[in-house]
Amino acid sequence: MTAAERLLIAVDRLNPPFVTADAWGAVQGFSIDLIRAVLAHSGLAVEFLPLDGPMAQIMWLAAGRVDAAADITVTERRRAWFAFSAYYHVEELMIFGRRDGPIWPGFRHFTGKLAVKANSYVQEYLIRHYPHIPLVAVESTEAELEALRAGRVQGFAATRETGLALIAAGDAQDVIAEGAPFGPAPLALATHAAPGRACASAFQRRLEGAAPLQ
């Protein structure tokens, strides 16, 4: 098999229900199933590389060490560097806090700090829309949970589905969703801006013609 027939896609290893990886690196989740289904008849051998958070995904993609990165939210800054497929899912952003902590007062009255994944869409969204909120940028979902439990932050911002999936899986039963969702988070496949644009376009064409996943 030639390199042209192999597509290596970087994924966030702890981003349920979109992607989760076990101790041996085997991945599963909504995005894994979707990408495999969409590219099933493309002639490409699709492989997934689990990494710690979107910052690592983007670094590997920018360095040319992977062909694409999954579940990357689209920003104008990223459009200057990468090509994107059509959105395949639009999530909602939400705040998560400790179950035994204070009630979320809303952005206007919040006086603490929030943890976010470094170089993530939610970090850019909060900087743009709520610049008065102090943010603590960390590398992964695990680091967000650790910062919350250690008291370094009073909450963390993530997609609604990711936070609720962590809670449902038993990994964060001391955590609750706070308030209502505060913004959209469209997910897409990111590829290299030059030769990768053809890959994004091919994925988009197949995505538009694919049957919905059950």
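- Inter-residue side-chain proximity for Glu91 and His89 is flagged as met; some heavy-atom pair is nearer than 4.5 Å.
- Here the closest non-hydrogen pair linking Gln57 and Ala70 is NE2-O, 2.9 Å.
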I'd like a table of donor-acceptor pairs (distance under 3.5 Å, sequence neighbours excluded) in which one partner is a side-chain atom from residues 95-115, with atom names and distances.
residue : atom : partner : partner atom : Å
Arg98   : NE   : Asp100  : OD1          : 3.1
Arg99   : NE   : Gln173  : O            : 3.2

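- Phe48 and Leu14 end up in different hydrophobic clusters when Ile, Leu, Val, Met, Phe, Trp and Tyr side chains are linked at under 4.5 Å.
- Nearest heavy-atom pair across Gly155 and Leu148 is N-CD1, 3.6 Å.
- For Tyr125 (side chain) and Phe182 (main-chain N/O), a donor-acceptor pair under 3.5 Å exists by modelled atom type.
- Note that the CD atom of Gln28 and the CZ atom of Arg36 stand 9.5 Å from one another [nearest 0.5 Å].
- To the nearest 0.5 Å, the span separating CG on Asp52 from OG1 on Thr141 amounts to 9.5 Å.
- With contacts defined as side-chain heavy-atom distances shorter than 4.5 Å, the pair Leu93/Arg160 does not qualify.
- At least one donor-acceptor pair under 3.5 Å links the side chain of Asp67 to the backbone N or O of Leu8.
- Closest heavy-atom contact between Asp12 and Gly53: OD1-N, 3.3 Å.
- Both Val38 and Val46 sit in one connected hydrophobic cluster of ILVMFWY residues. Membership requires side-chain heavy atoms under 4.5 Å apart, directly or through other members.
- Using the six-membered ring where Trp is involved, Phe82 and Phe84 have ring planes that are perpendicular, over 60° apart on the 30 and 60° scheme.
- A donor-acceptor pair under 3.5 Å is formed between the side chain of Thr162 and the backbone N or O of Pro16.
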- Message: Evaluate Ile72 against Leu187 for side-chain contact (heavy atoms from CB on, under 4.5 Å), listing each step before the verdict.
- Response: CA-CA 5 Å; Ile72 302 299; Leu187 303 183; over 6 Å; no

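- The minimum heavy-atom distance linking Glu144 with Ala157 is given by the pair OE2-O, 3.2 Å.
- In this structure, Met55 shares a hydrophobic cluster with Met59, the cluster being traced through Ile, Leu, Val, Met, Phe, Trp and Tyr side chains under 4.5 angstrom apart.
- Following chains of ILVMFWY side-chain contacts shorter than 4.5 Å, one can reach Leu61 starting from Val74, so the two form part of one hydrophobic cluster.
- Under a hydrophobic clustering in which Ile, Leu, Val, Met, Phe, Trp and Tyr are joined whenever their side-chain heavy atoms come within less than 4.5 Å, directly or via other members, Ile58 and Tyr121 fall into different clusters.
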Without placing hydrogens or testing angles, list every side-chain donor-acceptor pair under 3.5 Å for residues 17-25, not counting sequence neighbours.
residue : atom : partner : partner atom : Å
Asp22   : OD1  : Trp24   : N            : 2.9
Asp22   : OD1  : Gly25   : N            : 3.0
Asp22   : OD1  : Ala26   : N            : 2.9

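- In this structure, Leu126 and Val116 have side chains that are in contact, with non-hydrogen atoms separated by less than 4.5 Å.
- For Gln154, the side chain to side chain donor-acceptor pair (under 3.5 Å) criterion is met by no residue, not counting sequence neighbours.
- Contact detail for Val138 and Ala143: the closest heavy-atom pair is CB-CB, 3.6 Å.
- Looking only at side-chain heavy atoms (C-beta outward), Val136 and Arg152 stay at 4.5 Å or farther from each other.
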Intermediate values then yes/no, side-chain contact (heavy atoms from CB on, under 4.5 Å), Leu49 and Ile9: CA-CA 6 Å; Leu49 176 67; Ile9 301 177; over 6 Å; no

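- Between the side chains of Lys117 and Ser140, no donor-acceptor pair is found at a separation under 3.5 Å.
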message: If you apply the rule side-chain contact (heavy atoms from CB on, under 4.5 Å), what do you find for Leu7 with Leu39, and how did you get there?
response: CA-CA 10 Å; Leu7 184 64; Leu39 297 178; 3.7 Å; yes

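- Side chain to side chain, Tyr88 and Asp71 meet the donor-acceptor criterion of an N or O pair below 3.5 Å.
- Minimum heavy-atom separation, Ala177 to Ile167: N-CD1, 4.4 Å.
- Atom-to-atom distance recorded for Leu34:CG and Ile32:CD1 is 9.5 Å, nearest 0.5 angstrom.
- Follow the hydrophobic side-chain contacts under 4.5 Å out from Leu189 and you reach Phe30 in the same cluster.
- The 12-atom threshold is not exceeded at CD of Glu139, counting heavy atoms of other residues, nucleotides or ligands nearer than 6.0 Å.
- Qualifying side chain to side chain donor-acceptor pair (under 3.5 Å) partners for Arg149, counting only residues two or more places apart in sequence or in other chains: Asp174.
- Residues satisfying the side chain to side chain donor-acceptor pair (under 3.5 Å) test with Arg78, not counting sequence neighbours, are Thr73.
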Step-by-step side-chain contact (heavy atoms from CB on, under 4.5 Å) determination, Ile127 to Leu135:
CA-CA 8 Å; Ile127 290 172; Leu135 303 178; 3.8 Å; yes

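- The pair Arg6-Glu47 meets the salt-bridge criterion, with a side-chain N (NZ, NE, NH1 or NH2) lying under 4.0 Å from an Asp/Glu carboxylate O.
- Remark: Thr159 OG1 to Asn15 CG distance equals 5.5 Å, nearest 0.5 Å.
- Two residues are said to be in side-chain contact when any heavy atoms from C-beta on lie closer than 4.5 Å; Glu142 and Arg13 meet this criterion.
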